[in-house]
*Asks:* 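Handing you this structure, nothing more for now.
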Amino acid sequence: MSKSEFIKSWFIGSGVTGREIGYAWNNIFVRAFTSNPNDLVDKVAWACRVNSPCYMSVHSYHDRDVPNFLEKLFLDFDVQNVLDIDLAFNDAAKACGRIKKYANPLMVYTGLGYHVYVFYEKMVRIDDKESASKFQEFMAYQLLEVSNKKLMMTEYPTLDTVVVGDIKRVARVPYSMHESTPSLNRQVLVQPVDDAGSPYDPDLSAFLSNPVGTDVLETVADYVKLDNVARRTGRRIGRNTACPDLVEEVIERGIGDGRRRSITFFIVPNLMVAGYSDEEIAEKCRDFIINSGKSWHEYSYHVADAIRRTRRKIESGERIVRSVNRFLEMFPDLAEHYRKFTS
């Protein structure tokens, strides 16, 4: 794949019909909307000739300043001094190692850091800016295997966490030039690199054909929906019907082991059959986790997945476990933990 073919494919991506392109003109930064991939090819060629940067919106745009779909996760590992570039590479490489459990990430050297891109199997519609931004943040937690922003900053010191949730972000286009700056003091080609950090010319289809799967996208989307309610300050969700006494006791007292299995095979099914909404179930599970002495962030994705899977089972007529006796037959190692509820 030639550089111009790559740049054209970079614009089209997963089927995007519009982008914003950014560039410098007479020392003024300009952002313009276009639906023509050749405009990006031409702008990169022009910018390289005049030692100027060229940027493209990370996500799809419907019109000027109107993003309409999230196409991928974008991570920016950056340093202030070129002498520290290895720090950014180490963080980016560690991130790629974890992301490969879910998809094939593309790493790009930028001169003062590394960009990592992870495409989605389906583009995610942007219904509102806040939820879209939250989706990107939670996707980063999922793929980087961290539970919150503080831990993400600790494990990846060079990651710009502000960029993660910025749905209007533009990024340097691969094969454009990073202009000479006081920090860089030389012109550098923005270049895709392999796992070892060596420059190479990849075929973009290798990344588009190995995206983050629909199951992960749905789990993160469900969590965003649940989180909008369950984490609202001061909001307590009421019951639709009476919660089964034993389930209520398990939630209120918590347990020392088997929390994920309790959520999946006991708490969620019972609450769902009792008529609780997904948001109410999430709130109950959050209480259970906190009462068990654990962090909600450690279990939030699991809760969203358990709700989604249980809802599908019920809708398809599949039998679900509700009885505590049946539950303990499945997991006899938890009998001791449940003895205080059943004795």
*Asks:* Are V220 and I263 connected in the hydrophobic side-chain network, where two residues link if heavy atoms are under 4.5 Å apart?
*Replies:* yes

*Asks:* Between T34 and N36, does any side-chain donor sit less than 3.5 Å from a side-chain acceptor?
*Replies:* no

*Asks:* For E5, enumerate each residue passing the salt bridge (charged side-chain N to carboxylate O under 4.0 Å, His left out) test, keeping only those at least two apart in sequence or located in another chain.
*Replies:* none

*Asks:* Heavy-atom distance under 4.5 Å between the side chains of F11 and V41, does that happen here?
*Replies:*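 Counting from C-beta outward, F11 and V41 never come under 4.5 Å.
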
*Asks:* Where do L40 and C54 come nearest, in terms of heavy atoms and distance?
*Replies:*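 Looks like CD1-SG, 4.3 Å.
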
*Asks:* Test: salt bridge (Lys or Arg N to Asp or Glu O under 4.0 Å). Region: residues 253-270. Which pairs qualify, not counting sequence neighbours?
*Replies:* E249-R253, R261-D333

*Asks:* Is there a donor-acceptor pair under 3.5 Å between the side chain of S133 and the backbone N or O of K129?
*Replies:* no

*Asks:* Listing request: all ring-ring contact (aromatic ring centres under 6.0 Å, His included) pairs with a residue in residues 140-174, at least two apart in sequence or in separate chains.
*Replies:* F138-Y141

*Asks:* Given 3.5 Å as the limit, does a donor-acceptor pair link the side chain of D128 with the main chain of S131, or not?
*Replies:*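 Flag set: sc D128 to bb S131 pair under 3.5 Å.
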
*Asks:* Quick check: closest heavy atoms across T264 and A306, and the distance to 0.1 Å?
*Replies:* OG1-CB, 3.9 Å

*Asks:* Set out, in order, the CA-CA distance, both residues' side-chain angles and the distance that settles side-chain contact (heavy atoms from CB on, under 4.5 Å) for R98 and L143, then state yes or no.
*Replies:* CA-CA 7 Å; R98 292 184 175 179; L143 301 190; over 6 Å; no

*Asks:* Does anything in residues 59-74 pair up under salt bridge (Lys or Arg N to Asp or Glu O under 4.0 Å), and if so which pairs, sequence neighbours excluded?
*Replies:* R19-E71, E20-R64, D65-K168

*Asks:* What closest approach, in Å, do P269 and I320 show between heavy atoms, and which atom pair accounts for it?
*Replies:* CB-CD1, 3.8 Å

*Asks:* Do other residues, nucleotides or ligands put more than 12 heavy atoms under 6.0 Å from R309 CZ?
*Replies:* no

*Asks:* Please tell me if the side chains of L144 and L159 come closer than 4.5 Å, counting only heavy atoms from C-beta onward.
*Replies:*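 Yes. Closest side-chain heavy atoms under 4.5 Å.
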
*Asks:* Once you round to the nearest 0.5 Å, how far does CD1 of I289 lie from NZ of K284?
*Replies:*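 Nearest 0.5 Å value for the CD1-NZ distance: 14.0 Å.
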
*Asks:* Please determine whether a side-chain nitrogen of the Lys or Arg among D305 and R308 lies less than 4.0 Å from a carboxylate oxygen of the Asp or Glu.
*Replies:* yes

*Asks:* For the residue pair H115 and R172, confirm or rule out a side-chain donor-acceptor distance under 3.5 Å.
*Replies:* no

*Asks:* So which heavy atom on I21 is nearest to which on D39, and how close?
*Replies:* CD1-C, 4.1 Å

*Asks:* Quick one: do E318 and R312 make a salt bridge, cutoff under 4.0 Å?
*Replies:*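 No, no charged N to carboxylate O under 4.0 Å.
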
*Asks:* So, do S35 and T17 sit near enough that their side-chain heavy atoms are less than 4.5 Å apart?
*Replies:*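 They are not in side-chain contact.
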
*Asks:* Give me the atom names and distance for the closest heavy-atom approach of L70 to A132.
*Replies:* CD1-O, 3.8 Å

*Asks:* Does the plane of the ring in F266 sit parallel, tilted or perpendicular to the ring in Y338? Use 30° and 60° as the thresholds.
*Replies:*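 Correct class here is perpendicular.
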
*Asks:* Spell out, yes or no, whether V124 and I99 are grouped together once hydrophobic residues are joined by side-chain heavy atoms under 4.5 Å, including indirect joins.
*Replies:* yes

*Asks:* Could you measure the distance from the CG atom of L328 to the CZ atom of R339? Nearest 0.5 Å is fine.
*Replies:* 10.0 Å

*Asks:* Apply ring pair (Phe, Tyr, Trp, His ring centres under 6.0 Å) to F77 and list each qualifying residue two or more places apart in sequence or on a separate chain.
*Replies:*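 By the ring pair (Phe, Tyr, Trp, His ring centres under 6.0 Å) rule, F77 matches no residue at all.
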
*Asks:* Would you mind reporting whether M272 and I307 have side-chain heavy atoms less than 4.5 Å apart?
*Replies:*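 Of all side-chain heavy-atom pairs linking M272 with I307, at least one is under 4.5 Å.
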
*Asks:* When hydrophobic residues are tied together by side-chain contacts of less than 4.5 Å, even through go-betweens, does W10 share a cluster with V193?
*Replies:*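 Different clusters: W10 never reaches V193 through Ile, Leu, Val, Met, Phe, Trp or Tyr contacts under 4.5 Å.
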
*Asks:* Return the set of residues passing salt bridge (charged side-chain N to carboxylate O under 4.0 Å, His left out) with R49 (not counting sequence neighbours), or none when no residue passes.
*Replies:*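 Listed in chain order: nothing, the list is empty.
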
*Asks:* Please determine whether the number of non-hydrogen atoms from other residues, nucleotides or ligands lying under 6.0 Å from atom CH2 of W25 exceeds 12.
*Replies:*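 Open: at most 12 neighbouring heavy atoms sit under 6.0 Å from CH2 of W25.
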
*Asks:* So does K100 pair up with D195, basic N to acidic O under 4.0 Å?
*Replies:* yes

*Asks:* Determine yes or no for a side-chain-to-main-chain donor-acceptor pair under 3.5 angstrom, with S316 supplying the side chain and K313 the backbone.
*Replies:*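 Such a contact is found between S316 side chain and K313 backbone.
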
*Asks:* Using side-chain contact (heavy atoms from CB on, under 4.5 Å) as the criterion, list what pairs up with M177, not counting sequence neighbours.
*Replies:* C48, Q187, L189

*Asks:* Give a yes or no on whether R31 atom CZ has more than 12 heavy-atom contacts from other residues, nucleotides or ligands under 6.0 Å away.
*Replies:* yes

*Asks:* Would you say V16 and V44 are hydrophobically clustered, going by side-chain heavy atoms of ILVMFWY under 4.5 Å?
*Replies:* no

*Asks:* Can you list everything that forms a side-chain contact (heavy atoms from CB on, under 4.5 Å) with L208? Sequence neighbours excluded, please.
*Replies:* S14, F119, L204

*Asks:* For the CE atom on M1, are there more than 12 heavy atoms of other groups (residues, nucleotides or ligands in this structure) within a distance under 6.0 Å?
*Replies:*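 Yes, the 6.0 Å shell around CE holds more than 12 heavy atoms from other groups.
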
*Asks:* If you round to the nearest 0.5 Å, how far is OH of Y299 from OG of S292?
*Replies:* 7.5 Å

*Asks:* Once you measure the plane-to-plane angle for Y120 and F135, does it fall in the parallel (<30°), tilted (30-60°) or perpendicular (>60°) bin?
*Replies:* perpendicular

*Asks:* Decide side-chain contact (heavy atoms from CB on, under 4.5 Å) for V190 and S176; before the verdict, give the C-alpha distance in whole Å, the side-chain angles of both, and the deciding distance to 0.1 Å.
*Replies:* CA-CA 6 Å; V190 177; S176 66; 3.8 Å; yes

*Asks:* Could you tell me the separation between the CD atom of E283 and the CG atom of D278, rounded to the nearest 0.5 Å?
*Replies:* 13.5 Å

*Asks:* When rounded to the nearest 0.5 angstrom, what distance separates CD in E130 from CD1 in I167?
*Replies:* 11.0 Å

*Asks:* Would F288 and L271 show up in the same hydrophobic cluster when neighbours are defined by side-chain heavy atoms closer than 4.5 Å?
*Replies:* yes

*Asks:* Give the table of side-chain donor-acceptor pairs shorter than 3.5 Å for residues 87-95, with sequence neighbours excluded, one pair per line with atom names and distance.
*Replies:*
unit_1, atom_1, unit_2, atom_2, d
N90, ND2, D86, O, 3.2
D91, OD2, T158, N, 2.9
D91, OD2, T158, OG1, 2.7
K94, NZ, E155, O, 2.7

*Asks:* Which residue pairs satisfy the ring-ring contact (aromatic ring centres under 6.0 Å, His included) criterion with at least one member in residues 49-73, sequence neighbours excluded?
*Replies:*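 Those involving residues 49-73 are F29-Y55.
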
*Asks:* Under a 4.0 Å N-O cut-off, is there an ion pair linking E137 with K134?
*Replies:*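 No, E137 and K134 are not salt-bridged.
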
*Asks:* Is D166 close to Q136 at the side-chain level, that is, under 4.5 Å between some pair of heavy atoms?
*Replies:* no

*Asks:* Return the set of residues passing side-chain contact (heavy atoms from CB on, under 4.5 Å) with P202 (not counting sequence neighbours), or none when no residue passes.
*Replies:* F6, L106, Y175, P192, Y200, F207

*Asks:* Starting at SG of C285, measure out to CD1 of I290 and round the result to the nearest 0.5 Å.
*Replies:* 11.5 Å

*Asks:* For D42, what residues pass the side-chain contact (heavy atoms from CB on, under 4.5 Å) criterion, not counting sequence neighbours?
*Replies:*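 D42: no side-chain contact (heavy atoms from CB on, under 4.5 Å) contacts found.
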
*Asks:* For V66 and F33, run side-chain contact (heavy atoms from CB on, under 4.5 Å): C-alpha distance rounded to whole Å, both residues' side-chain angles, the deciding distance at 0.1 Å, then the answer.
*Replies:* CA-CA 9 Å; V66 185; F33 171 81; over 6 Å; no

*Asks:* Where is the tightest heavy-atom contact between A140 and L73, given as atom of each residue plus distance?
*Replies:* CA-CD2, 4.0 Å

